[in-house]
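Note that this is a predicted model, so its numbers are computed, not measured.
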Amino acid sequence: MALEVRITPSILNADRTNLSHEISRIADVSDLIHLDIMDNKFVPNFTFDFDAASEIIASCPIPIDAHLMVANVDPIAVAYAEAGAASVTVHVEAVADVYQTVRGIRKAGARAGLALKPGTLIEEYEEYLDEIDMFLIMTVEPGFGGQAFIEEMLTKIKRTRKVIGSRPVWLQVDGGISLETIERAAHAGADTFVAGSAVFRSEDPAAMVALLREKAEAASQ
Ligand code: DX5
Ligand code: ZN
């Protein structure tokens, strides 16, 4: 059976001075909005503090997928779930107590995700599979949009798909996803696709989301 494909556009490179308009351009065709939270510590870039992010979460017409690229993430992760994010993803490289934090996220009513930087091996995190709702395999080094997809990550996506087996755990990919790369990622076993610059640098972002979905569905396992 083919995997269910989800497209989760990132607003990192959208016009941040007019976010509600930017979100309204793609809300009808997107599954969730991917919100990149960067603290200038875990990654060398800053996006939104908790208050600004909470406002986006509260006003967004579709569910928010919060990707937390922040150091000492444990307490703030649960706060994001309490603020209404539908999905909260923490980096394994930044979390002190994985079990406690993913359980806290779920207890607050959100889906819990674990993200891995390109150099982090999936095998060490298999033990958490029954406690989470999503693995996020970074296909670029986190911190910036517009980078090239790291082709070597295809092997890691395949391994992660194998490790997930029949569990209802989503496999998200983030970084360099475009019309040119999405089929390879889908074929390797990803089912949930972040796309930032591919969507917001296109003339018709909604049409781009639809095209990305079409390509992913055609290539999906
Ligand atoms: C990068 C972020 C991504 C970013 C992707 O660290 O996590 O979500 O917005 O941007 P593109 O799709 O341009 O690679
Ligand atoms: Zn992201």
Side-chain angles (χ1 to χ4, degrees), residues 1-38 47-48 51-69 80-89 105 108-113 115 133-137 139-140 145-146 149 168-187 189-221:
M1 202 180 71
L3 294 167
E4 189 187 337
V5 166
R6 282 162 291 265
I7 309 290
T8 58
S10 161
I11 53 172
L12 182 64
N13 282 327
D15 176 4
R16 280 199 231 152
T17 62
N18 202 356
L19 265 189
S20 56
H21 170 71
E22 293 285 74
I23 290 173
S24 73
R25 296 168 83 190
I26 51 158
D28 287 351
V29 290
S30 304
D31 293 281
L32 299 96
I33 298 292
H34 182 85
L35 185 63
D36 289 301
I37 310 296
M38 305 185 187
T47 55
F48 307 102
D51 288 345
S54 299
E55 275 179 35
I56 299 169
I57 293 168
S59 62
C60 188
I62 68 169
I64 289 279
D65 167 35
H67 175 196
L68 306 186
M69 286 161 276
Y80 271 97
E82 286 166 352
S87 174
V88 179
T89 298
I105 293 169
R111 299 173 59 89
D133 302 290
M134 183 166 86
F135 264 127
L136 164 49
I137 302 299
T139 42
V140 298
F149 180 84
V169 174
W170 298 357
L171 203 180
Q172 186 175 51
V173 284
D174 182 6
I177 298 297
S178 67
L179 289 178
E180 206 271 307
T181 57
I182 197 165
E183 288 166 301
R184 295 200 287 290
H187 187 70
D191 58 11
T192 305
F193 303 86
V194 178
S197 40
V199 169
F200 283 101
R201 285 187 195 154
S202 91
E203 283 193 2
D204 186 342
M208 178 54 70
V209 171
L211 266 178
L212 288 166
R213 186 188 301 282
E214 228 172 75
K215 287 218 175 233
E217 281 175 351
S220 175
Q221 292 188 351

#### Entry: Given T8, D174, T192, the one that forms side chain to side chain donor-acceptor pair (under 3.5 Å) with H34
D174
### Task
Among T139, D191, T181, find the residue that satisfies the side-chain contact (heavy atoms from CB on, under 4.5 Å) test when tested with V173.
T139
Minimal non-hydrogen separation, [X] against [Y], with atom names:
X    : Y    : answer
G175 : F149 : O-CD1, 3.5 Å
A83  : I57  : O-CG2, 3.4 Å
L32  : A86  : CD2-CB, 4.2 Å
G189 : L3   : O-CD1, 3.7 Å
A66  : Y80  : CB-CD2, 4.5 Å
V209 : P9   : CG2-CG, 3.9 Å

Quick one, [X] and [Y] - any side-chain contact, counting heavy atoms below 4.5 Å?
X    : Y    : value
D133 : W170 : no
I33  : I26  : yes
E22  : R25  : yes
S30  : I7   : no
M69  : D36  : yes

### Message
Between D65 and H67, is there a side-chain donor-acceptor contact under 3.5 Å, judged purely by atom types and distance?
### Response
no
### Task
Could you tell me whether the side chains of S197 and N13 share a donor-acceptor contact shorter than 3.5 Å?
no
### N/O donor-acceptor pair under 3.5 Å between T47 side chain and M38 backbone
yes
### Query
So, the side chain of R213 versus the backbone of V29: is there a donor-acceptor pair under 3.5 Å, distance only?
yes
## Note on the structure
Applying side-chain hydrogen bond (donor to acceptor under 3.5 Å, both in side chains) to E217 and not counting sequence neighbours gives none
Separation between [atom1] of [X] and [atom2] of [Y], rounded to the nearest 0.5 Å:
X    : Y    : atom1 : atom2 : result
L179 : M208 : CG    : CE    : 4.0 Å
F48  : L12  : CZ    : CG    : 7.5 Å
F193 : I182 : CZ    : CD1   : 5.0 Å
L35  : S87  : CG    : OG    : 11.0 Å
I37  : I56  : CD1   : CD1   : 6.5 Å
T89  : R111 : OG1   : CZ    : 9.5 Å

### Message
Go through it in stages, so that I can follow the logic: the residues are V194 and I177, the test is side-chain contact (heavy atoms from CB on, under 4.5 Å), and I'd like the CA-CA distance, side-chain angles, deciding distance and then a yes or no.
### Response
CA-CA 7 Å; V194 178; I177 298 297; 5.7 Å; no
